[in-house]
Amino acid sequence: MSIIKNAIDSIQIGIEDYQDTDDRRSVSAIRNISAGILLLYKEKLCQLSPEDNKELLIKQNIRPIQNDEGEIVFEGKGHKTVDVQSIKERFKSLKVTVDWTRFDEINKLRNELEHYYTSQSPDAVREIVAKSFLLIRDFLSDNLELDPQETLGQDAWSTLLEVSDVYTAEEKACQSTIDAIDWKYNSVKDALKYLRCESCHSSLIEAPDSSDSYPSINLHCKSCDNDFTFDEVVEQCIDDSLAGEAIYNAMNGGESPYDTCLSCDQSTFIHEEGKCVACEYELEYTSCEMCGEGLGLEDQYNEGKCGYCQYRWEKVMAE
């Protein structure tokens, strides 16, 4: 059976799982649709592989060998096929365009549902199905040059289209209430795309009262009817938003864009903002009283001195 046939079968079965009224089939739906998307990506790698070895680029390990004519060619070693990271790297070098931001978002939510799924998560499941629809449609059309409607079949296509349209309408309505709030900080506005219900992980969150004052903003989940406040989830939003940048900076000798607040002990002190976006704690000391050097979060324990001046001061006092 071909990879493309497996891919379409997996997506179609996932859609059938989604349509089933048995809640247990919801996670199965996500697994099958996600697996189908990855198989579509592997099909593209097969298409780009050499004519004499059409599965070369889906092999995890590729090595150079010398053929009978003395030419250097490549062969796949072992049975292990490419993982997501390898697909990303090969697509990048082969100039195959994929919306990886959307894929990573779907993949992350899928992993969360694998561990935390409850019957109260219908819109979290629908979100994955809706966002998967765009990836599937675009990749079939733009990269595999196939007609999505014809390839998936009318039933599967109609379901994906309906789910996407309904979810998009609800998402737009929720977003309009979020946009009406004064979020005060740019870093918080950027992090709102990671705003999710702690109970069901849906992103269909509304802010019922536009007059609420930051950070105690009342929120309501349209999926499971859970009520909560933004200060309960601000740390998670910031972490999801900035963790990637923090890791990149650490690997390249840079500083983290955020840190643990000295006042509320949450990972919500944003260096660019110069304050904690959860409790709004600000630096008590901003410049060294001895040398005028700017002070950071780690210098606050020195009571107005930078690390070097504090060292000198302690040395003088010890004498």
Side-chain angles (χ1 to χ4, degrees), residues 1-20 25-65 67 73-111 113-114 125 128-161 163-164:
M1 187 177 289
S2 67
I3 291 179
I4 186 63
K5 179 67 165 58
N6 283 336
I8 299 307
D9 285 349
S10 184
I11 292 170
Q12 289 174 335
I13 292 171
I15 294 170
E16 291 173 6
D17 286 334
Y18 171 76
Q19 292 175 307
D20 197 284
R25 295 279 294 275
S26 294
V27 174
S28 177
I30 301 312
R31 288 197 194 114
N32 281 314
I33 291 174
S34 298
I37 292 172
L38 288 177
L39 286 169
L40 291 180
Y41 296 166
K42 289 182 180 181
E43 169 66 16
K44 182 61 179 179
L45 289 175
C46 286
Q47 291 184 4
L48 294 171
S49 295
E51 287 298 326
D52 60 346
N53 189 354
K54 296 307 292 182
E55 293 189 355
L56 175 65
L57 292 179
I58 67 170
K59 295 292 186 179
Q60 181 70 46
N61 297 311
I62 299 176
R63 65 179 180 178
I65 61 169
N67 65 16
V73 296
F74 291 87
E75 71 168 10
K77 182 181 179 182
H79 299 289
K80 189 174 182 181
T81 59
V82 286
D83 56 17
V84 172
Q85 186 56 40
S86 296
I87 293 174
K88 287 182 177 182
E89 292 171 358
R90 291 181 189 181
F91 274 8
K92 182 177 181 180
S93 63
L94 295 167
K95 295 181 171 54
V96 178
T97 303
V98 169
D99 185 350
W100 288 115
T101 299
R102 181 178 292 274
F103 177 87
D104 289 342
E105 184 180 4
I106 292 169
N107 199 42
K108 182 177 184 297
L109 185 53
R110 185 206 68 185
N111 291 337
L113 286 176
E114 290 272 4
V125 175
I128 297 179
V129 175
K131 291 182 177 178
S132 296
F133 167 71
L134 297 175
L135 284 178
I136 294 167
R137 181 196 63 190
D138 291 348
F139 199 81
L140 284 171
S141 177
D142 299 341
N143 291 291
L144 297 179
E145 298 182 358
L146 295 171
D147 180 272
Q149 186 174 8
E150 180 181 330
T151 303
L152 293 172
Q154 187 57 47
D155 289 344
W157 175 258
S158 297
T159 299
L160 283 176
L161 190 61
V163 173
S164 180

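Keep in mind the model is a prediction, meaning the values are calculated, not measured.
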Revision key, fill the gap. Rounding to 0.5 Å, atoms CD (Glu43) and CG (Leu146) come to a distance of 8.0 Å
Check your understanding: Any side-chain heavy atom of Trp157 sitting closer than 4.5 Å to one from Ile15?
Key -> no
Point to revise | Close side-chain approach of Asn32 to Ser28, heavy-atom, < 4.5 Å | key: yes
Contacts under 3.5 angstrom, residues 129-142 side chains, donor-acceptor by atom type, not counting sequence neighbours:
residue : atom : partner : partner atom : Å
Lys131  : NZ   : Glu105  : OE2          : 2.6
Lys131  : NZ   : Glu127  : OE2          : 2.9
Ser132  : OG   : Ile128  : O            : 2.6

**Study point:** Point-to-point distance, once rounded to the nearest 0.5 Å, from CD1 of Ile58 to OH of Tyr41
**Key:** 16.0 Å
Study note, to complete from the structure: Tested for side chain to side chain contact (heavy atoms under 4.5 Å, CB included) against Ile11, the lone hit among Leu39, Asn6, Thr151, Leu40 is Leu40
Exercise for review: Would you mind reporting whether Ile33 and Ile106 have side-chain heavy atoms less than 4.5 Å apart?
Suggested key: no
Point to revise | Leu45 side chain reached by Phe91 side chain, heavy atoms, under 4.5 Å | key: yes
Check your understanding: What's the spacing between Glu16 CD and Arg25 CZ if we round to 0.5 Å?
Key -> 7.5 Å
Review point. For Glu145, does the CD atom sit with more than 12 other heavy atoms under 6.0 Å from it, leaving out its own atoms?
Key: no
Practice item. Working to the nearest 0.5 Å, report the span between NZ of Lys44 and OG of Ser49. Key: 11.0 Å
Practice item. Give the minimum heavy-atom separation between Ser10 and Gly36, together with the two atoms involved. Key: OG-N, 3.5 Å
Check your understanding: Which heavy atom in Val82 sits nearest to a heavy atom in Leu57, and how many Å separate them?
Key -> CG1-O, 3.7 Å
Revision key, fill the gap. Heavy-atom closest pair (Arg110 atom, Ile30 atom, distance to 0.1 Å) is CG-CG2, 3.1 Å
Practice item. Locate the shortest heavy-atom distance separating Ile87 from Lys42; write the atom from each residue and the value. Key: CD1-CG, 4.4 Å
Check your understanding: Around atom NZ of Lys80, are there more than 12 heavy atoms of other residues, nucleotides or ligands at under 6.0 Å?
Key -> no
Review point. How long is the gap from CD1 on Ile3 to CD1 on Ile8, to the nearest 0.5 Å?
Key: 12.5 Å
Check your understanding: What pairs with Glu55 under side-chain hydrogen bond (donor to acceptor under 3.5 Å, both in side chains), at least two apart in sequence or on another chain?
Key -> none
Exercise for review: Hey, could you give me the CD/CD1 distance between Gln47 and Ile4, rounded to the nearest 0.5 Å?
Suggested key: 7.5 Å
**Study point:** Nearest atoms (heavy-atom pairs only) where Lys59 meets Arg90
**Key:** O-NH1, 2.7 Å
**Study point:** Note: Lys5-Asp9 ion pair, threshold 4.0 Å (strictly below)
**Key:** yes
